[in-house]
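The block underneath contains the structure these notes are about, expressed in C-alpha cells.
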2 protein chains.
Amino acid sequence: MAKPAGSAIEPTIAERSSARDVARLAGVSTATVSRALNLPASVDPDTLSRVKAAIEKLRYVPHGAARALRSRKSDMFGAVVPSFDYALYARTTSALQREADARGYALVLAAHHYDLAIELRVTQQMVQHGVDAFVFVGLDHDPALFSLLDSYGRPYVLTWGVDASGIHPSIGFDNRAATYAMTRHLLDLGHRHFGLISAPTTGNDRSRERGAGVRAALAAAGLSLVDDDVRYGPIALESGTRAMRELLAKRDRPTAVLATNDVFAVGAMLACRDAGVRVPDDVSITGVDDTDLGATQTPGLTSIRTPIVEIGRAAALQLAARLEGRPVNLLQELPFELVRRASTAPPASRRRRR
Amino acid sequence: MAKPAGSAIEPTIAERSSARDVARLAGVSTATVSRALNLPASVDPDTLSRVKAAIEKLRYVPHGAARALRSRKSDMFGAVVPSFDYALYARTTSALQREADARGYALVLAAHHYDLAIELRVTQQMVQHGVDAFVFVGLDHDPALFSLLDSYGRPYVLTWGVDASGIHPSIGFDNRAATYAMTRHLLDLGHRHFGLISAPTTGNDRSRERGAGVRAALAAAGLSLVDDDVRYGPIALESGTRAMRELLAKRDRPTAVLATNDVFAVGAMLACRDAGVRVPDDVSITGVDDTDLGATQTPGLTSIRTPIVEIGRAAALQLAARLEGRPVNLLQELPFELVRRASTAPPASRRRRR
DNA sequence: GGATCATATGTAATCGAATACATCGCCGGC
DNA sequence: GCCGGCGATGTATTCGATTACATATGATCC
C-alpha cells in the first residue's frame, strides 16, 4: 500500500480520476457531475445518488486548480504573520485555521519576520497561488500591499489593532488603552519611576501604541519616561533579560518596568532572579498578552489578557462572510482585561512609609 | 488607494492582467512570456528585458491555478499537525515555512486535534487544493491516508519519529531512547518510585514510545510502573496540574514524576506550588521538549532538548529535493539531549541517608 | 389541445498558462 | 552553394472543472 521509500526520488504525480471518468461511470455528462457537487438541489435525486456512488467508487477528488481557474476562487485564506515563534500568533492562527476549516476554507501561511518588504513579497506569492482573502497582523503595511490587494480585488482584514481612520477592515483591541491601564495600575500602587521594554516600533503599530499608552498615562500623572529607561529589542527572552540587566545596573533604577509583551517581561524576571533582585519587592514587572509563560512564573506575571483567540476566530468569520456576500462588521474592537498577579506591588519606598 | 470599507460586501475579484497583456505590450507571444518566466536562459536577453519591463509595468502576477492546471504542480507544501496551541508544533512549522519559502514553496496548514479521521479529511482537502507534498506529525495514521497519498502520487514525510520499518520516509528522533535516558537520570539520582503523566496513546506513537522508554528503563533496573501512578490527559497545563494533584494525594506518592512533555511538567509544578510540595526536595519533575515554558520556571525544568527546529527544516529540504528529483535521505534520525536543571535531585530518603 | 413554463440534462465555450510542435533565420561544414 | 543543426520565437493544443446556453420532457393553464 505505502510506496517503498526509494521510489520517492521519482516525483510521479500519479493518475487521478477526473469528472469525465465519474460522468462516464454514472452515465451522465460532466456538467451534471459538477452540478451534483455544487448545486445538488438542481439534480434529480436518482441521478444524484448514481453520481455520488461513482465518485465514491473512483475515489474522485475534484481538481482544485481547474476549479479555481474557471470559477475564480480557490477557497483559500492567507495568513501573513510577523513570526510564529512567539506563541501568540500561533494561537491566533490556530483559531483562524480552525474556524476557516469549519467553513471549508484552507489556510495558507507565511511569516515576514517584521520586514514589511518580505510581507509584500509573500503576499504577492499568495495572490499568485490564488489565495482568495487575507489576514494581516497590525496596521502598519507597505502602501503597495494595499494597492496589490486592491487591484486584484482580494478582501483582507488587519488584526491586533483597530484602524481609527476606518479605511481598512480591522479586528483588534486598543493597544494604547491596554498599556495606559497597566501604567495606571502601577501609578495607583505608588510607582513614580518607570522603565519600558519594547519591541522596535518601525513598522509595528502595536508596540508603538503600547509605548504611547504608557507615555500618555504618565503624562496624565505629570510624569514622563526618560529615554534611557526605555530599551528596545527583538521579541525574545534574551532581549528582556539584557534590557533588565541594563536597567538594574543604573544608579537610579526604575521601581516598575513595563514590557510590551510577556516574553520581554519573563526575560526581565530572569534577569532579576540572576541578579538577586526580588520581584515585586524590589521591582514590579508587567507584561502584555497574558500567556502561560508569564502566568506560570513565580511570582505570576501581571499582564493584560488580549483577545488572542477571538481575533483569529473573528477574522475567519469576517472573511468568509465577505467572500460569500454576507454583510459584516468590518471594524471590530474587542475587549482586553488587566490581570493582576504577584509581579506588581507598591514600591519599597512607599511600603516603608506606611 | 485602499478600498472604502463598505465596498467589501461585493466580493469583486477585479481585473488582473494576463500573460496575453504582457505579450501584447512586449510585442511577443504568450509562449515567450511563459519562457521568460520559467526558462529565462532560452530567451534572447533583449527580448527578456522587454518582457520583464512589461511585467513590471502591468504588475503582472501569473495565475497560479492556470499554471497548476497545466503543469500539474502548485509549489505548495501541506503541513498537517495535531495542534497549534502547543508551542512546539508552531515552532517546527515556523522552521518548515521559513525553509519552504526560501525555496519558493508556500505552506498550507491544517490541524486535526489528535483525530486521525479529521487528519484524513483535511489531507484530502489539501490534495484537492493541489498541494504537492505533505508533512505529517508522528507515525500513527489511518492506512487510508497513505493510500490516498499514494494514489495521487504525493510525496510525504512523517516527523517527530523514525519509522523503524523503513516503509515511510521520516524525520525525527528516538522518543523511547529519550525518556529511557531521562528515567536513567532519575534512577541514578536514587529514585525508585515513579509517576508518569502522559498524553493519550491512541493514535499517538510519540506518547506511546515515551511511555515505553520509561518502562524499559525501569524494567532494566528491576522496577516497574504501577498503573495507578500513570495519568493521562490532553496536552494542557491543567492536565498536568490535575494529574499531579492526584499523585500527591496518594498515601504512597512517587518521589519522581516524569511527564511526556514540558506542558504537563509545568502543570505538575504548579500543583506542587499550590500544595506546598517542594520541587525538587520533595519530588523531582521532568519534561520533554525543553521549551522556554519549562526552562524559565523556578526551579528550572529538567527536560530533553528535542530537535524541534531541525525537524521542520529537514522536512522542507527533503520534500523540496524529492519534488525536484534530487536524491535525499528518506530516513533521518536526529539527536536529542538531556538538559539537567534544578527540578531533579536525589529523593529525600536518599539525602537523609547520606 | 396548444402555448407556457419548470425541471433536468447535455453541449460546448471558457478560464490562463505551459508546452509540443512548427517555423524561420542564420551559421558552419564540406 | 547546399544542407544539417541550433537558437529564438510563434501557433495551437492542452490541463479539468464551471457555466451559459440549448434542448428535451412533462406538467399546467386557459
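Residue numbers start from 1 in every chain, and the chains themselves are labelled A, B, ... in the order their sequence lines are given, proteins ahead of strands.
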Item checked: Gap between atoms CG and P, on Leu69(B) and dT18(D) respectively (whole Å) -> 12 Å
Next item on the list: State whether Ser71(A) places a side-chain N or O below 4.0 Å from either non-bridging phosphate oxygen (OP1 or OP2) of dT18(D).
Entry: no
Notebook entry, point to check: At under 4.0 Å between heavy atoms, what does Ser34(A) touch on the DNA or RNA strands: base, sugar-phosphate, or nothing?
Noted result: base
Next item on the list: Compare every heavy atom of Val51(B) with every heavy atom of Ala36(B), then report the nearest pair and how far apart it is.
Entry: CB-CG1, 3.7 Å
Checklist line | Quiz item: Arg72(B) side-chain donor-acceptor pair to dG16(D) base, under 3.5 Å | finding: no
Next item on the list: For the pair Phe77(B) and Tyr105(B), name the ring-plane relationship: parallel under 30°, tilted 30 to 60°, perpendicular over 60°.
Entry: parallel
Next item on the list: Can you figure out which of dT18(D), dA8(D), dT9(C) approaches the side chain of Asp44(B) most closely?
Entry: dA8(D)
Item checked: Smallest separation among heavy atoms of Phe84(A) and Ser94(B), with atom names -> CB-CB, 3.4 Å
Notebook entry, point to check: Nearest-Å distance, CG (Asp75(B)) to C1' (dA18(C))?
Noted result: 13 Å
Next item on the list: Nearest whole angstrom, please: distance from the C1' of dT14(D) to the CZ of Arg20(A).
Entry: 11 Å
Check: What integer distance in Å separates Leu39(A):CG from dT9(C):P?
Finding: 13 Å
Next item on the list: Compare side-chain N and O positions of Asn38(B) against OP1 and OP2 of dA17(C) and report whether any pair is under 4.0 Å apart.
Entry: no
Note to self: Please determine whether a side-chain nitrogen or oxygen atom of Thr47(B) lies at a distance below 4.0 Å from atom OP1 or OP2 of dA8(D).
What the structure shows: no
Notebook entry, point to check: Side-chain donor or acceptor of Arg70(B) under 3.5 Å from a matching atom on the base of dA18(C)?
Noted result: yes
Next item on the list: Describe the nucleic acid contact of Gly130(A) in one word from base, sugar-phosphate, nothing, applying a heavy-atom distance below 4.0 Å.
Entry: nothing
Check: Given the rule in the side-chain hydrogen bond (donor to acceptor under 3.5 Å, both in side chains) test, do Ser147(A) and Arg59(B) qualify, once you have shown the distances and angles that lead to the verdict?
Finding: CA-CA 11 Å; Ser147(A) 77; Arg59(B) 306 163 111 265; 3.3 Å; yes
Item checked: Angle of first-five versus last-five pair axes in the helix from dG1(C)-dC30(D) to dC30(C)-dG1(D), to 10 degrees -> 40°
Next item on the list: Look at the aromatic rings of Phe134(B) and Phe136(B) and report parallel, tilted or perpendicular, splitting at 30° and 60°.
Entry: parallel
Item checked: Distance (rounded to the nearest 0.5 Å) between Leu107(A) CG and Thr93(A) OG1 -> 7.0 Å
Note to self: Could you tell me how far apart Gln128(B) (CD) and dA17(D) (C1') are, to the nearest whole angstrom?
What the structure shows: 11 Å
Notebook entry, point to check: How is Val33(B) classified with respect to the nucleic acid when contacts are heavy atoms under 4.0 Å: base, sugar-phosphate, or nothing?
Noted result: nothing
Check: What class does the angle between the rings of His141(A) and Phe146(A) fall in, given that below 30° is parallel, 30 to 60° is tilted and above 60° is perpendicular?
Finding: perpendicular
Next item on the list: Establish, with yes or no, whether the OP1 or OP2 oxygen of dG16(D) is under 4.0 angstrom from a side-chain nitrogen or oxygen of Thr30(A).
Entry: no
Margin query: Measure CZ/Arg67(A) against C1'/dC15(D) and give the value in whole Å, please.
Written below: 17 Å
Notebook entry, point to check: Does Tyr60(B) have a side-chain nitrogen or oxygen under 4.0 Å from the phosphate oxygens OP1 or OP2 of dA17(C)?
Noted result: yes
Note to self: In this structure, how many angstroms lie between the P atom of dA17(D) and the CZ atom of Arg35(A), rounded?
What the structure shows: 15 Å
Checklist line | Among dT18(D), dA8(C), dA17(C), the nucleotide that comes nearest once only the side chain of Ala66(B) is considered | finding: dA17(C)
Next item on the list: Describe the nucleic acid contact of Ala19(A) in one word from base, sugar-phosphate, nothing, applying a heavy-atom distance below 4.0 Å.
Entry: sugar-phosphate
Check: Which part of the nucleic acid, if any, lies within contact of Ser18(B), taking any heavy atom under 4.0 Å across all strands shown: a base, the sugar-phosphate backbone alone, or nothing?
Finding: sugar-phosphate
Check: Which heavy-atom pair separates Asn204(A) from Tyr114(A) by the least distance, and what is that distance?
Finding: ND2-CE2, 3.7 Å
Next item on the list: Grab the CG-P distance between Asp21(A) and dG16(D) for me, whole Å please.
Entry: 9 Å
Notebook entry, point to check: Nearest to the side chain of Ala31(B) - dG16(C), dA20(D), dG10(D)?
Noted result: dG10(D)
